[in-house]
Protein chains: 2
Amino acid sequence: MSSIDKRIYQLQADVCKALANPLRIEIINTLKEGAKTVTELVDIIKVNQANLSQHLAILRSKKIVEARREGNSVYYSLANPKIIEACNLLRRILREQLEAERKLISIK
Amino acid sequence: MSSIDKRIYQLQADVCKALANPLRIEIINTLKEGAKTVTELVDIIKVNQANLSQHLAILRSKKIVEARREGNSVYYSLANPKIIEACNLLRRILREQLEAERKLISIK
DNA sequence: ACCATATATTCTAAAATGAGAATGTTACCC
DNA sequence: GGGTAACATTCTCATTTTAGAATATATGGT
């Protein structure tokens, strides 16, 4: 295996790791509607501010979201539409899978 | 937010968590060529057997791979082509991103 | 039944992650 | 410059994850 392959595997694992938390998934999903300040996110997601900032830092470090300061506030938005696409695709698949399982159960 | 949304977020986070390890990504990528026994995977990926089995168990528990016993050996294969598609999409995106960064650096 | 091979599980110690409290920093207003 | 709101960072502690060693569990061959 080439060393570039190894880097890709590591990179992909890192991105997945950043996505591997329900709160962070919720943040991403909320930001799909458009940029939001930290305070807005705290209100929407109902999470303690320090903790939210930590999760935002993780998403920022993987270039999944980006921050833009505007006066007193910091607006967060989705940085990479393509990665979000992959994320959406996965969610759609899992939603379908869940739905299919639900139907199976109701047949039994 | 509905409780079904919460379940989806948790499910998506769980699947991403299963993908959040370079070894497991490599396993998935190796299995794209077709089913392999544990011994074959040990040889290809160069990893200790106990550890590989642990990673396979994680992928199995999230229904990302499935196992089929054949005599003495256990063949592993990809269980859900759709999830693999999302995984491939993400890899493609990251590969392009890496390539783009590489080019940017060479311009500087 | 016994042995060897293939795979899985359990155990342990180290490292990483998560939440929340406390504290720092930045920018605005007076 | 002092105060306040918005956000980030640091610290602590509990939990989870990881690799590898040791051990257990098949299965097929003799």
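In what follows, every chain begins at residue 1, and chains take the letters A, B, ... in the order their sequences are listed. Source: prediction; values computed, not measured. Atoms considered below: every heavy atom in the structure, side chains included; atoms not considered: hydrogens, waters and symmetry mates.
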> B/Ile8 versus A/Ile25: any side-chain heavy-atom pair under 4.5 Å?
Replying inline: no

>> Within this structure, what is the OH-CG distance for the pair B/Tyr75 and B/Leu41, rounded to the nearest 0.5 Å?
In response: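 The CG atom of B/Leu41 is 11.0 Å from OH of B/Tyr75, to the nearest 0.5 Å.
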
> Is B/Arg102 paired with B/Glu99 through a side-chain N to carboxylate O contact shorter than 4.0 Å?
Replying inline: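 So B/Glu99 pairs with B/Arg102 through a salt bridge.
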
> Ion pair present between B/Glu26 and B/Arg24, side-chain N to carboxylate O less than 4.0 angstrom?
Replying inline: no

>> With a 4.0 Å cutoff (strictly under), does any side-chain N or O of A/Tyr76 reach OP1 or OP2 of D/dA6?
In response: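 No.
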
Report the distance from atom [atom1] of [X] to atom [atom2] of [N], rounded to the nearest whole Å.
{"X": "B/Lys46", "N": "D/dG20", "atom1": "NZ", "atom2": "P", "value": "15 Å"}
{"X": "B/Gln49", "N": "D/dA24", "atom1": "CD", "atom2": "P", "value": "15 Å"}
{"X": "A/Leu52", "N": "D/dA8", "atom1": "CG", "atom2": "C1'", "value": "11 Å"}
{"X": "A/Ile27", "N": "D/dC7", "atom1": "CD1", "atom2": "C1'", "value": "14 Å"}
{"X": "A/His55", "N": "D/dT9", "atom1": "NE2", "atom2": "C1'", "value": "15 Å"}
{"X": "B/Asn48", "N": "D/dA22", "atom1": "CG", "atom2": "P", "value": "12 Å"}

> Taking atom types as modelled and ignoring hydrogens, do the side chains of B/Asn21 and A/Lys17 form a donor-acceptor contact shorter than 3.5 angstrom?
Replying inline: no

>> Does B/Lys32, at its NZ atom, have more than 12 non-hydrogen atoms belonging to other residues, nucleotides or ligands within less than 6.0 Å?
In response: yes

>> Could you go through A/Thr30 and A/Ile27, starting from their C-alpha distance and side-chain angles, then the distance that decides it, and tell me whether this counts as side chain to side chain contact (heavy atoms under 4.5 Å, CB included)?
In response: CA-CA 5 Å; A/Thr30 303; A/Ile27 292 170; 5.8 Å; no

>> Test side chain to side chain contact (heavy atoms under 4.5 Å, CB included) on B/Leu59 and B/Ile28; report intermediate values, then the result.
In response: CA-CA 9 Å; B/Leu59 292 173; B/Ile28 290 170; 4.2 Å; yes

> What are the bounds, 5' to 3', of the part of DNA chain C that sits under 4.0 Å from heavy atoms of chain A?
Replying inline: C/dA16 to C/dC28

> Are B/Ile58 and B/Val38 linked, directly or through other ILVMFWY residues, by side chains that come within less than 4.5 angstrom of each other?
Replying inline: no

> What string of B, S and - do you get for nucleotides 10-17 of chain D, 5' to 3', if B is base contact, S is sugar-phosphate-only contact and - is no contact with any protein heavy atom under 4.0 Å?
Replying inline: BB-----S

> Which of these, A/Lys36, A/Glu66, A/Arg60, A/Arg68, sits in a side chain to side chain donor-acceptor pair (under 3.5 Å) with A/Tyr76?
Replying inline: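 Result: among A/Lys36, A/Glu66, A/Arg60, A/Arg68, A/Arg60 is the only option passing the side chain to side chain donor-acceptor pair (under 3.5 Å) with A/Tyr76.
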
> Hey, can you pull the residues of residues 67-75 of chain B with a non-hydrogen atom under 4.0 angstrom from DNA chain D?
Replying inline: B/Arg69, B/Gly71, B/Asn72

> Is a side-chain N or O of B/Glu40 found less than 3.5 angstrom from the main chain of B/Thr37, in a donor-acceptor match?
Replying inline: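 At least one qualifying donor-acceptor pair exists.
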
